[in-house]
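Predicted, not measured: the structure shown is a model, and the values here were computed from it.
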Amino acid sequence: LLTTQQSVADAEPLSGFGLRPLVYVIGMWRWKEPSFARFLTTADGKAPDILFFDETCGLDQIAKSIALEPPTEMIFWGMKEPAGVLELANKHSIKTRRVEDGFLRSIGLTSAKAAPLSLCFDTRGMYFDPRQTSDLTHILMSHDFDADHALIARAEAGMTRLTTMGISKYNHAGRVDVTPVYGEKDRERILVLGQVEDDQSIEFGYPGHFENNDLVRLAATENPDAQIIYKPHPDVLAKDRPALSDPDAVRDIALVVDQPLSLADGLNTIDRVY
């Protein structure tokens, strides 16, 4: 029998689950596997059997596995599933979801392989892909927030806790006073937040080629009298993810933050964000 944490690469899958629901997880990096099962565990402690197909697995292997032991659900990491696998799931009436790191991710960087503290599951799409409505977008557009007083109270309490504790996505940097970093404020301040430039949010969120330096130059052009501050993505700053544009090329128009800086502190004294 396959265990909850078994991975699939070249080995053929084994049949014989039957006792619990079977879930295929497709396209997720292997180092994330040990922390993933707990997100599928129900309140009463029950968990499905999970068969992992890493990013090297193709459509043929997944189809062969379905023939041996069809899953009750397929979960795709982001938009990384092999071409044709969604159609295969629909053909076999297999439920699908997508998953990505949550907005409050970890104490440590993704590139440092810190385990996620939250994940974002979506049955419609992903929040960074505008080609279809995601569950998140559907909720924001259709839910009657004015009538949901309990939810609004919970949201306000959560926002207060986040800002009070300085919690953001990675939480890898200690709290600092930004005055020595940014200097004394004498004009409007614009913060440009860099992204990993080969990230799927860029691939699917923008139809053309757009780099971090393009965003810095846009901010400078649209705000000629403001101080422009450019905060590279922390994974890029740590040199764990590639930088397709060189921050040195925009130092003439922006203050580039070269040190680890939490988003909670980085937003202090900022007027607007790009």
Side-chain angles (χ1 to χ4, degrees), residues 1-102 105 110-111 113-116 118-136 138 196 198-205 241-242:
L1 295 181
L2 291 176
T3 65
T4 298
Q5 298 300 329
Q6 181 148 357
S7 301
V8 172
D10 298 322
E12 287 197 7
L14 300 176
S15 182
F17 285 87
L19 300 179
R20 295 185 293 182
L22 172 61
V23 174
Y24 287 5
V25 178
I26 298 171
M28 188 174 72
W29 288 336
R30 280 214 168 153
W31 63 265
K32 294 185 177 183
E33 293 173 11
S35 64
F36 187 79
R38 64 189 176 94
F39 290 98
L40 300 184
T41 302
T42 58
D44 57 2
K46 296 180 180 178
D49 286 307
I50 305 175
L51 194 55
F52 291 98
F53 296 81
D54 66 21
E55 61 272 20
T56 67
C57 294
L59 180 64
D60 290 344
Q61 186 171 354
I62 297 170
K64 185 185 295 185
S65 297
I66 291 175
L68 291 171
E69 189 75 26
T72 55
E73 181 182 19
M74 286 186 186
I75 298 177
F76 308 129
W77 187 268
M79 314 297 292
K80 291 185 177 181
E81 75 275 9
V85 73
L86 186 59
E87 292 78 4
L88 187 64
N90 293 334
K91 176 183 176 182
H92 291 275
S93 300
I94 300 170
K95 183 173 64 173
T96 62
R97 280 190 291 174
R98 297 188 184 276
V99 63
E100 257 281 4
D101 285 327
R105 191 198 176 279
T110 309
S111 57
K113 300 183 178 180
S118 69
L119 293 174
C120 176
F121 290 85
D122 203 299
T123 62
R124 289 180 170 87
M126 288 308 298
Y127 57 86
F128 54 77
D129 181 8
R131 296 175 300 175
Q132 63 268 317
T133 299
S134 65
D135 285 343
L136 177 59
H138 178 74
V196 177
D198 62 354
D199 191 84
Q200 287 195 319
S201 63
I202 303 297
E203 178 184 353
F204 292 97
R241 295 289 296 275

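Nearest heavy atom pair, residue V99 against residue L119, reads CG2-CB, 3.9 Å. Across all their heavy atoms, P82 and I62 have their closest contact at CG-CD1, 4.0 Å. Shown here for D101 and Y127, the closest heavy-atom pair between the two residues is O-OH, 4.0 Å. The minimum heavy-atom distance linking F39 with P116 is given by the pair CZ-O, 3.6 Å. In plain terms, the two heavy atoms of E69 and Y24 that are nearest each other are O-OH, 2.7 Å. Shown here for S35 and A115, the closest heavy-atom pair between the two residues is CB-CB, 4.0 Å.
Salt bridge status for E73 with R97: present, with a side-chain N to carboxylate O gap under 4.0 Å. A salt bridge links R20 and D49; the closest N-O separation between the charged side-chain nitrogens and carboxylate oxygens is under 4.0 Å.
Side-chain contact between L86 and F76 is present, with heavy atoms from C-beta onward closer than 4.5 Å. Side-chain contact between I94 and P71 is present, with heavy atoms from C-beta onward closer than 4.5 Å. Between F204 and M126, the closest side-chain pair of non-hydrogen atoms is not below 4.5 Å.
Counting only distance, with no hydrogens or angles, the side chain of D135 and the backbone of D122 share no donor-acceptor pair below 3.5 Å. Formation of a donor-acceptor pair under 3.5 Å by the Q200 side chain with backbone atoms of M79 is found in this model.
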Show the numbers, then the answer: is there a side chain to side chain contact (heavy atoms under 4.5 Å, CB included) between M28 and F52? CA-CA 8 Å; M28 188 174 72; F52 291 98; 3.2 Å; yes
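Of the residues R124, M74, E81, the one that meets the side-chain contact (heavy atoms from CB on, under 4.5 Å) test with R98 is E81.
For K113, the NZ atom counts as loosely surrounded, since its 6.0 Å shell holds 12 or fewer non-hydrogen atoms of other residues, nucleotides or ligands.
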